[in-house]
Structure formats: C-alpha cells, structure tokens
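Heads up, the thing below is written out as structure tokens.
Worth knowing before you read on, the calculation uses all heavy atoms, side chains too, and leaves out hydrogens, waters and symmetry mates. So that the names make sense, note that chain A is the first sequence line, chain B the second, and so on, each numbered from 1.
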Amino acid sequence: MSKLAPTPGQTVGPFYGYALPFNKDNELLAPGSPGSIRLQGTVYDGAGNTIPDAILEIWQPDSNGNIVQRAGSLVRDGYTFTGWGRAAVGNSGMYTFTTVNPGPVKPGAAAFISVAVFARGLMNRLFTRVYLPENEEALANDPLLSSLDSERRKTLIARRDPDGGLTWDIRLQGGDETVFLDFQQDGSLDLVTDQS
Amino acid sequence: MPQDHTAQVTATEALESEELVPPAEPHAAHETKDVETQADLSAEIKAIGARYAEALKNGKAPETMPRLDYAPYRSSILRHPTKSLHHADPETIELYSPAFGHQDVHALESDLTIQHNGEPQGERIIVSGRVLDGDGRPVAGQLVEIWQANASGRYIHKRDQHPAPLDPNFTGVGRCITGSDGSYSFTTIKPGAYPWKNHLNAWRPAHIHFSMFGSEFTQRIVTQMYFPGDQLFPLDPIYQSIVDQDARDRLVAQYDHELTSPEWALGYKWDIILTGSKRTWTENEAYGDAGDEE
C-alpha cells in the first residue's frame, strides 16, 4: 500500500504528435529481420468510429521470455531489442509495430504484451494486455483470462495473420469493449461515474 | 521577420507531414444546442463537484485520479470505458519498466530555450522536481518527456489553428533522464493560455504536458503541470475532471525563489508521485542504477 498520494494523470491531448513520436519508435526490431512480426490493429470509440488521435505503447519480453533491461529505445541501433515501443495511430486509427512474438516468462505461462493506451479525450492512460493465440492450455490457465467471461476474454487475444503477424483491435467503449486493467486496488478509483 | 515566420511554418509542416489529426476538439454530435457557453459547462462542472462534496461528507474515500467518464470534456463521451476496469495483479513484464539511459537522451534536450539560433519570446522559467514512487523512493535513471505551447499559447503543430504567433526560436519539446535522486530539471518558457473548441470561449489554463515512467510499467503516467493561481482553473473541464481539490493541487507547481536563477529565470518546483510499486525490490534497484549502461 502506498504511503504517498499519487499525482493524477491527465489526457495526452491533441498535440503530442510533435513530441512523443520518434524515429523507429514502433520498430522494436527492423522490419524483415529474422523473427520479426507485425502487430497491427485499429482503435475504435464507442460509436464504432476509428480514433485518429491515439498513441500506444507496448512493453514485452523477448522471444525467449526474457525481460530485457537495455537502454536504447529512443536511439535504436537496429540490433538491441529493448522490448519497448511506441506507435501513434494513423489517420484511419490503425497502428503498427514491428516486434517479436513474446516468449512465456515462466514455463507454461501464457505469453502476452503489456499495452498502454493514450488518446485525446481519454482522461487517463489505460492498461491492457494482448495475448498470443496459440497455446490454448496456457491461455486457459492464465490468472487474468480465467477471471473473465468468454466474451470479455476474447478482447485480449490477438488473431494470427497468414503472414505470421498479429492483429488486435482496441475498443475504448461499447459492447465489445476491450478489457482494461486496474493494478492498484488501493482505493484509487480509476473509473468513477457520477452516479456511483 | 515575416520571411522567418514563413520558413518556420514550412519547417513545422515538414515535421508533421506524416501525422494526420482532425481539427482539435470537434463538438460532440449529441449536442442539441448550436453553441454551448462557458456558463453551460460551468453549471455541469459545479453540479458534479457538488455531488462529489456530498459523497465525501457521507464518508466516501477521496478520489485521486481524473474521472474517465467526465462529460464536460465533450471528447471523452465516446472514449471512456463503460465497464469497470478489471482488477488484476501485475505480472512478469508489468513489474518492470523499459530502461532508458543517457544514450537515449542528450543532456541539452532539457533546455527548450537553446534549440534554435535565437532566444525564444516569453518568460524564461526553470521547472524542477523529483519523480518518486508511492513509498517516496526516487525513480532514478528514467525518462521524462515534456511538450507545451509557446508564450503566446500556440503549439507548433499544424492542426493548431489558434491565430497566435509561432515562435521561430521555440519548438516546445524537451526530454531528460532523472538523476540518482529522481530529480529532473527543464529550462523553458512559460506557456500561454490556449483556446480550444470544447465550448464557446473555452480556454485551457497554461500547462506543460509531462510523460513519465516508473520502475514498473503499471506506474506509467502522462499528465499536465499547471501554474499556481491560474484564474482559468474553475472553468477548465480537463483540470476539473479531477474532482478532488487535494488531487488537483498535486498538478500545480509551486513558485520557488530558491530555484529562481538571478537575472535569468523564475523557478517552479513540482514533484511527481507515481502509483505504488508491487514488486519486491532489491537494494541495487532501489538505488536506481538499472537502465543506464554508460
């Protein structure tokens, strides 16, 4: 339990575009290099419209399930896998990362990528996960996934594309709203509505 | 000077050429009135504040974060989850943070007043503080990014249509890596207030956008720092989306005369407290040498 009250978040606003993106921000390794895959998807709002002003970050283990602690994300040398990347969505709400399939951090664990979502109109960042679809036994045993009903669970599992890549969409609101995570459990009510 | 101005606009467009963003803050489609006024918005803000005050009086725990569902900020209406955030224990990768080092960020990137040939217009300021976790431990060797409008309240962003002047000597972007005590410091220009289209006559209080990492990814935060005594606070739906006054105050820097540099710049102090950490720390990590490989 924290002793100090946390600083509140605020929306990333509309004008991050000249500040947060950087060269090769979404290329955790060079496109086309051995083992590289594309992770792509679209960000939608509650009316089903694409959101053109969202920015995503991913943070993941390497293909062997190692959590790397290497600097160099902002000035990529083309060889060092840092595990972290950032992608502003394009005009059509689509994002793309070039990365590797994350390995399971523990034997038999479900492999996933941690995701942070920022957008104009989104008051605070949201956390979620994207899981690889293949290891069904691991997915069935995953503590988070097994705590969700099947409809909600589906929102966290990527589709495997014919080219070996992953497709995973984010829906900020609506019937098939993506599962977003609260890690604090310390009374910092991230989602409070005025009626509550 | 007009020549310089044109050159700057062209440079800005080149900088932004890969980025397409719709005009800032379009009006929400659900509106029935043609134009909403500040009085309309202020009434909504006040009503939500009154209900929160009542809930506090009835023993509700104080809120620390902005509300995701805060209708006075019209663009949030279709962009907030309607299902409760799912409680989860952070696992594996979430208990670590990406590493950044001095190879990622040049020391001069923390001075926003030296990025061009001349001095930017406006009031030169120093903004310094520390990044701490919820237990008061310094977050060392981590990335801090900032962006802001210039002294006239104009962003160097092609979608910013505010007819205030661009400043050819000010971009408004800075980065730094926190020191071993979690400290950061930026030299910049005090940003101007900024008009937006949430409603008629909507103005954002002067602010600097901050982006920070903790020692765990779950501590990731993007927020805005404000200046003390801003008359626009009660009117601003983004600031007011944090309904608790103590929590709002945590986004307001303090003027610090000790930090003020004689005949050079006014000093503002602002500490950032991240959410609590979940991982069991080793002593080396607590002193924060991870992530800086130089």
Side-chain angles (χ1 to χ4, degrees), chain A residues 1-19 45-47 52-53 59-61 67 69-75 82-84 91 105 114 116 118-125 144 172-173 177 179-194, chain B residues 15-16 19-22 24 48 51 61 63-70 75-76 78-79 81-88 90 92-94 96 98-101 103-104 134-136 147 155-157 173 217-218 220-224 238 241-242 247 250-251 272-276 290-291 293:
Chain A
M1 187 69 67
S2 304
K3 298 182 187 74
L4 303 173
T7 304
Q10 290 264 266
T11 181
V12 74
F15 297 134
Y16 54 81
Y18 70 100
D45 71 11
D53 40 18
W59 168 228
Q60 65 165 87
I67 297 168
Q69 293 282 280
R70 293 188 202 110
S73 293
L74 298 183
V75 186
T82 65
W84 177 81
N91 196 29
V105 174
S114 182
F118 308 88
R120 179 180 68 82
L122 177 59
M123 291 303 194
N124 202 1
R125 57 58 216 112
L144 170 61
L172 292 186
Q173 192 183 91
E177 181 178 300
V179 172
F180 297 105
L181 304 176
D182 169 23
F183 295 114
Q184 297 310 319
Q185 304 170 44
D186 60 359
S188 64
L189 302 174
D190 264 28
L191 180 69
V192 179
T193 62
D194 203 39
Chain B
L15 187 70
E16 299 298 322
E19 197 212 351
L20 289 164
V21 179
I48 293 170
R51 284 195 291 276
E63 294 177 28
T64 59
M65 291 289 151
R67 291 189 177 179
L68 295 172
D69 179 5
Y70 193 75
S75 297
S76 76
L78 289 172
R79 295 185 173 196
T82 51
K83 297 175 170 47
S84 291
L85 302 187
H86 190 81
H87 290 288
T92 60
I93 191 79
E94 291 157 344
Y96 293 82
F100 298 94
Q103 73 210 69
D104 288 300
D135 296 314
W147 69 102
Y155 285 89
I156 192 165
H157 187 294
V173 178
F217 197 57
T218 60
R220 182 84 179 86
I221 180 174
V222 168
T223 190
Q224 302 178 22
I238 292 182
S241 70
I242 304 157
R250 294 181 194 118
L251 293 182
I272 299 113
I273 312 295
L274 305 177
T275 52
E293 299 185 337

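- Listed by chain and residue number, A:Thr7, A:Pro8, A:Gln10, B:Thr223, B:Tyr226, B:Ile242, B:Trp270 satisfy the side-chain contact (heavy atoms from CB on, under 4.5 Å) test with B:Leu251 (two or more places apart in sequence, or in another chain).
- Under the 3.5 Å distance criterion, the side-chain polar atoms of A:Arg120 are left unmatched by any main-chain donor or acceptor of A:Thr11.
- For the set B:Tyr70, B:Tyr155, B:Trp147, the count of heavy-atom pairs under 4.5 angstrom toward chain A peaks at B:Trp147.
- Only the side chain of A:Val179 comes within less than 4.5 Å of a heavy atom in chain B; its backbone stays farther off.
- Counting heavy-atom pairs closer than 4.5 Å to chain B, the top residue among A:Pro61, A:Gly9, A:Ser114 is A:Gly9.
- B:Thr82 and A:Gln173 share no side-chain donor-acceptor pair at under 3.5 Å.
- Residues A:Trp84 and B:Phe100 bring their aromatic ring centres within 6.0 Å.
- For A:Thr82, no part lies under 4.5 angstrom from a heavy atom of chain B.
- Taking the charged nitrogens against the carboxylate oxygens, B:Asp69 and B:Arg79 have no contact shorter than 4.0 Å, which rules out a salt bridge.
- Considering only heavy-atom pairs separated by less than 4.5 Å from chain A, the leading option among B:Ile272, B:Val173, B:Ile93, B:Ile221 is B:Ile93.
- At a 4.5 Å heavy-atom cutoff, the contact between A:Phe118 and chain B is made by side-chain atoms alone.
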